[in-house]
Number of protein chains: 2
Amino acid sequence: MSALVEPVARLIEAFARLPGIGPKTAQRLTFHLLRAPESEARTLAAALVAVRDEVVFCRTCFNISAGPECPICLDPARDDERLCVVEEPLDVLALERTRAFRGRYHVLHGAISPIDGIGPDRLRIRELLDRAGERASVGQPFQEIILATNPTLEGEATAMYLAERLDGQVQSVTRIARGLPVGGDLEYADEVTLVRSLQGRRAFDAPLER
Amino acid sequence: MSALVEPVARLIEAFARLPGIGPKTAQRLTFHLLRAPESEARTLAAALVAVRDEVVFCRTCFNISAGPECPICLDPARDDERLCVVEEPLDVLALERTRAFRGRYHVLHGAISPIDGIGPDRLRIRELLDRAGERASVGQPFQEIILATNPTLEGEATAMYLAERLDGQVQSVTRIARGLPVGGDLEYADEVTLVRSLQGRRAFDAPLER
């Protein structure tokens, strides 16, 4: 039996190592690139190298950045008093798209998950506590730190852990609201979401704070 | 609103150009590679470049190859009298795994599909007819050419076209059997497959030819 030629086998293997890409998809992608114009494979290869050569993490908030500090940390127009803590750089993107938050960010790069062996020391939690502690030590604690980790088991555990550790270092620690998604249907909502939605109720027509 | 840093946006775009990879998956892959060990992105990049630098198509059968002729065409132990025509290099792999065919191959690189603008001239059909014609012209036509294009509309049309064009240039032109897949269930088979399965019936316990 003739095996696959070696460079093809190697590319299939490299694709199959990516999350959510199985051996069949890896084969399909490889053969697509063999048939596509040569530039397609080369563009992808160059983009891969560039992403590792040119992208770093912001030294302040650990968001992805092309320089030592990211555009959000460098932006003098943003609110220095509010800090939003998220799990991933993609969460920053999602929040920025809403244009509803004008403060700064802190990216943890994950959530506490004992089952996956991810403790607080594997995340950027030390750096967050330092950021809060430094401001508190000069008598200018953050007005608010918003814990915007995901409403999952791991995200909730992380938020709880952070709330405890930040206690006394910041004027107020808040958690993003959990409830029915806009456009959602009460009838089909799960119990936990419904409970959260009831617990989080507020006076009708309460003005939304910015 | 802060946009994505440019190298990240470029990698997402390059991933999203691949078939079956949408913008969300492209984002996920990109952020995975940002977090994964640096070698992962570099290995993939190197494999992509290698596949375009080192892989060519066999000049005889148009299968993928690391040299001008592929290992199957170079193998003196294979049966020169039988030729199996397939649409894609992956089909060669699938057939080789069965170890049931010891002849040579011819890869068309697609099937005739007028709706996609793919006529016979876009495939390696000219080369197949030349291969068959050359042997016929010296009085040694192929004993058998097996048309193993897919049992789809396009594959059947291609097989029909080839059977017509090969007529007189080869001792026999055959088509792979269409019927119920092994392990399949008659009750759930579609009509067309059932009809093919009836039409292709053979004497019970007929020995399978190699």
Side-chain angles (χ1 to χ4, degrees), chain A residues 1-8 10-15 17-21 25 27-36 38-57 63-67 70-72 75 88-90 92-93 96-99 109-110, chain B residues 1-8 10-15 17-21 25 27-36 38-57 63-67 70-72 75 88-90 92-93 96-99 109-110:
Chain A
M1 194 187 120
S2 90
L4 266 174
V5 292
E6 211 257 320
V8 175
R10 247 186 301 140
L11 182 55
I12 293 175
E13 210 181 282
F15 270 130
R17 263 200 296 272
L18 295 174
I21 297 203
T25 306
Q27 258 189 7
R28 201 163 40 77
L29 293 176
T30 299
F31 281 89
H32 163 79
L33 286 171
L34 271 170
R35 236 188 344 244
E38 183 160 348
S39 66
E40 199 170 327
R42 297 204 187 276
T43 305
L44 179 55
L48 282 161
V49 171
V51 110
R52 294 308 306 227
D53 282 349
E54 296 167 26
V55 176
V56 293
F57 294 117
N63 191 6
I64 50 167
S65 172
C70 75
I72 297 176
D75 186 349
E88 301 292 347
L90 279 175
V92 174
L93 271 184
E96 284 297 288
R97 273 195 297 265
T98 67
R99 296 169 182 260
H109 288 277
Chain B
M1 194 187 123
S2 88
L4 266 175
V5 292
E6 209 257 320
V8 175
R10 246 188 301 141
L11 182 55
I12 292 176
E13 209 180 283
F15 270 131
R17 264 199 295 272
L18 296 174
I21 297 204
T25 307
Q27 256 189 8
R28 201 164 40 77
L29 293 176
T30 299
F31 281 89
H32 163 79
L33 286 172
L34 270 171
R35 236 187 344 243
E38 184 161 346
S39 65
E40 199 170 325
R42 298 205 187 275
T43 305
L44 180 55
L48 281 161
V49 171
V51 111
R52 294 307 308 226
D53 282 348
E54 296 168 27
V55 176
V56 292
F57 293 117
N63 192 6
I64 50 168
S65 173
C70 76
I72 298 177
D75 186 349
E88 301 293 346
L90 280 175
V92 174
L93 272 184
E96 284 297 287
R97 273 195 296 266
T98 67
R99 295 168 182 261
H109 289 276

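Labels below follow one simple rule: chain letters A, B, ... track the order of the sequence lines, proteins then strands, and each chain is numbered from 1.
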Top contributor to chain B contacts, counting heavy-atom pairs under 4.5 Å, from [options]:
{"options": "A:Pro19, A:Ala14, A:Ala41", "result": "A:Pro19"}
{"options": "A:Arg28, A:His32, A:Arg10, A:Glu54", "result": "A:His32"}
{"options": "A:Leu90, A:Thr25, A:Thr30, A:Thr43", "result": "A:Leu90"}

Which answer fits [X], side chain, backbone, both or neither, if we ask what part of it has an atom under 4.5 Å from a heavy atom of chain A?
{"X": "B:Ile64", "answer": "both"}
{"X": "B:Phe57", "answer": "side chain"}
{"X": "B:Arg42", "answer": "side chain"}

Original post:
Quick one: does B:Phe15's side chain get under 4.5 Å of A:Leu48's, heavy atoms only?
Top reply: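 The answer is yes, as the side chains (C-beta and beyond) meet within the 4.5 Å cut-off.
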Subject >> Close side-chain approach of B:Leu18 to A:Leu44, heavy-atom, < 4.5 Å >> reply: yes
Engaged part of [X] at the chain B interface, taking heavy atoms whose separation is under 4.5 Å:
{"X": "A:Asp75", "result": "neither"}
{"X": "A:Ile21", "result": "side chain"}
{"X": "A:Glu40", "result": "side chain"}
{"X": "A:Leu33", "result": "both"}

Original post:
How close do B:Val51 and A:Leu34 get, heavy atom to heavy atom, and via which atoms?
Top reply: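 Shortest heavy-atom separation between B:Val51 and A:Leu34 comes out as O-CD2, 4.0 Å.
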**OP:** Could you pull out the closest heavy-atom pair between A:Ala45 and B:Val49, with the gap in Å?
**Re:**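 What the structure gives for the nearest pair is CB-CG2, 3.7 Å.
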Original post:
What distance do A:Gln27 atom CD and B:Glu88 atom CD have between them, rounded to the nearest 0.5 Å?
Top reply: 11.5 Å
Original post:
When heavy-atom pairs shorter than 4.5 Å are enumerated against chain A, which of B:Ala46, B:Pro7, B:Cys70 gives the highest number?
Top reply: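 Max contact count across the listed options: B:Pro7.
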